[in-house]
Amino acid sequence: MTTRVACLGDSLTRAQVSVDYLDLLERRRPAGDVRLARFGVNGDFAYHLLQRLGAVVADPPEVITVLIGTNDARASLAGYPVEQVMKRKRLPERPSAGWFQQCLGAVVARLRAETDARIGLLSPPVLGQEPDGPAARASLAYSRMIAEVAAAEEVAYLPLHERQTEELRRADAPPIPYREATPAAGVGVLLQHAVLRRSFDAISRRRGLLLTTDHIHQNSRGAAHIAEVIDTGLLVRSG
């Protein structure tokens with residue numbers, strides 16, 4: 001029997017500037033075991049995800065994964081262009097930890113009320129390549145908030161951030177300082193990938209990055225961690 005899985009999130013789920021973790025997740029399962037539906041929008045915050053749940057609850061799947069919080073965490077960092085992003089993404093208020101937790105809690109509450117799906121909340125991937133740096137600490141803080149929401153709503157918590165932190169420390173990755181990705185930088189990655197035919201992994205290697213192309217978007221190693229924590233933490237347990 002095929003399990004229908006809805007994957008909710010931001011650009012990591014959209015997979016235009018990251019390796020596609022949905023593809024890697026499907027490969028981990030026996031043929032025909034899962035049917036994946038993608039609900040990812042570039043640049044989204046938890047607030048945006050809350051606004052677009054209608055398409056998910058209209059045809060409820062058996063499993064729902066939620067990977068959101070990267071952009072909320074980025075907005076807490078010095079140098080993030082908050083005002084420009086608020087205007088571009090039409091945010092009704094300034095991003096904050098409290099608002100993030102409120103929106104995520106509302107996402108889970110609606111999914112629980114309107115579906116019978118098994119729900120898993122992923123902690124965000126590590127920001128940057130310094131496990132003890134400011135960016136990584138920000139993504140860790142948001143991971144802890146996600147864990148709190150998961151516990152309060154009695155849904156699964158999938159420890160992606162913890163898995164990636166472990167990998168960075170195990171591999172002794174060079175501590176390259178975090179740089180905020182600009183829209184122009186994102187276009188640059190797309191041009192390298194689509195026009196110059198460089199793989200995301202090749203872009204990562206040129207920059208000395210272990211899990212990402214730009215401290216945020218995932219290469220195949222980072223995306224494999226996403227697929228791994230979903231598979232082992234949610235699909236195997238529900239199979």
Side-chain angles (χ1 to χ4, degrees), residues 1-18 20-23 25-26 29 33-75 85-125 142-143 145-158 160 186 217-218 223 226-227 229-231 233-235 237-238:
M1 181 177 176
T2 300
T3 300
R4 295 184 304 132
V5 182
C7 299
L8 284 55
D10 51 30
S11 63
L12 303 183
T13 301
R14 182 72 181 272
Q16 290 180 314
V17 288
S18 284
D20 189 356
Y21 74 81
L22 276 75
D23 177 58
L25 177 59
E26 188 173 34
R29 308 300 300 169
D33 186 65
V34 294
R35 179 155 58 91
L36 305 176
R38 186 189 312 274
F39 296 89
V41 175
N42 294 346
D44 265 11
F45 289 67
Y47 162 79
H48 299 105
L49 182 56
L50 179 59
Q51 311 310 307
R52 55 182 178 87
L53 294 180
V56 180
V57 300
D59 183 21
E62 287 77 45
V63 174
I64 298 173
T65 69
V66 179
L67 176 54
I68 200 75
T70 291
N71 295 311
D72 296 86
R74 288 168 63 197
V85 172
M86 286 181 64
K87 183 176 181 180
R88 175 167 55 84
K89 292 294 293 183
R90 299 182 180 180
L91 288 169
E93 63 180 86
R94 194 177 186 87
S96 68
W99 190 38
F100 166 76
Q101 204 159 6
Q102 177 186 340
C103 289
L104 183 61
V107 166
V108 180
R110 184 174 179 190
L111 293 175
R112 288 193 66 200
E114 300 186 37
T115 80
D116 294 321
R118 179 169 174 78
I119 300 166
L121 307 184
L122 288 90
S123 54
Y142 277 75
S143 297
M145 284 184 268
I146 293 168
E148 290 175 5
V149 171
E153 295 291 340
E154 299 181 325
V155 298
Y157 174 72
L158 307 179
L160 172 62
H217 299 101
Q218 307 293 290
I226 303 175
V229 297
I230 293 173
D231 187 22
L234 201 63
L235 297 183
R237 290 166 61 188
S238 63

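The first residue in the sequence is number 1, and the count goes up from there. Note: hydrogens, waters and symmetry copies are ignored here, and every other heavy atom, side chains too, is used. As the structure is a prediction and not an experimental result, all values here were calculated from the model.
We find the CG-OG1 distance between Asp231 and Thr65 to be 12.0 Å, quoted to the nearest 0.5 Å. Between the OG1 atom of Thr70 and the CG atom of Asp44 there is a distance of 11.5 Å, given to the nearest 0.5 Å. Note: Leu36 CG to Arg29 CZ = 10.5 Å, rounded to the nearest 0.5 Å. To the nearest 0.5 Å, atoms OH (Tyr142) and CG (Asn71) are separated by 11.0 Å. Of the inter-residue distances, the one linking Arg38 atom CZ with Leu22 atom CG reads 4.5 Å to the nearest 0.5 angstrom. In this structure, His217 NE2 and Ser11 OG are separated by 3.0 Å, a value rounded to the nearest 0.5 Å.
Two residues are said to be in side-chain contact when any heavy atoms from C-beta on lie closer than 4.5 Å; Met1 and Asp33 fail this criterion. No side-chain heavy atom of Leu49 sits less than 4.5 Å from a side-chain heavy atom of Asp10. The shortest distance between side-chain heavy atoms of Glu154 and Arg112 falls below 4.5 Å. Within the 4.5 Å cutoff, no side-chain heavy atoms of Asp116 are placed close to those of Pro60. Thr13 places a side-chain heavy atom less than 4.5 Å from the side chain of Tyr21. Looking at heavy atoms from C-beta onward, Phe100 lies out of side-chain contact with Phe45 at the 4.5 angstrom threshold. Between Tyr157 and Ser123, some side-chain heavy-atom pair lies under the 4.5 Å cut-off. Contact check for Ile68 versus Leu8: no side-chain heavy atoms found under the 4.5 Å cut-off.
Pairing each heavy atom of Pro124 with each of Ser143, the nearest pair is CD-OG, 3.2 Å. For Gly43 against Lys89, the heavy-atom pair with the smallest separation is O-CE, 3.3 Å. Among all heavy-atom pairs drawn from Phe39 and Arg52, the shortest one is O-NH1, 3.2 Å. Closest heavy-atom contact between Gln218 and Pro125: NE2-CB, 3.6 Å.
A side-chain contact (heavy atoms from CB on, under 4.5 Å) with Val66 is found for exactly one of Leu122, Val149, Leu111, namely Leu111. With Ile230 as reference, Leu25 is the one residue of Val63, Leu160, Val34, Leu25 to meet the side-chain contact (heavy atoms from CB on, under 4.5 Å) rule.
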Query raised in the report: Are Arg118 and Glu62 close enough, and set up right, to give a salt bridge (Lys or Arg N to Asp or Glu O under 4.0 Å), and what steps lead you there?
Result: CA-CA 6 Å; Arg118 179 169 174 78; Glu62 287 77 45; over 6 Å; no

Query raised in the report: Between His48 and Val41, is a side-chain contact (heavy atoms from CB on, under 4.5 Å) present by the stated rule, with each step listed?
Result: CA-CA 9 Å; His48 299 105; Val41 175; over 6 Å; no

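Annotation: side chain to side chain donor-acceptor pair (under 3.5 Å) contacts of Glu148 (sequence neighbours excluded): Gln101.
In this structure, the side chain of Ser96 engages the main chain of Trp99 through a donor-acceptor pair within 3.5 Å.
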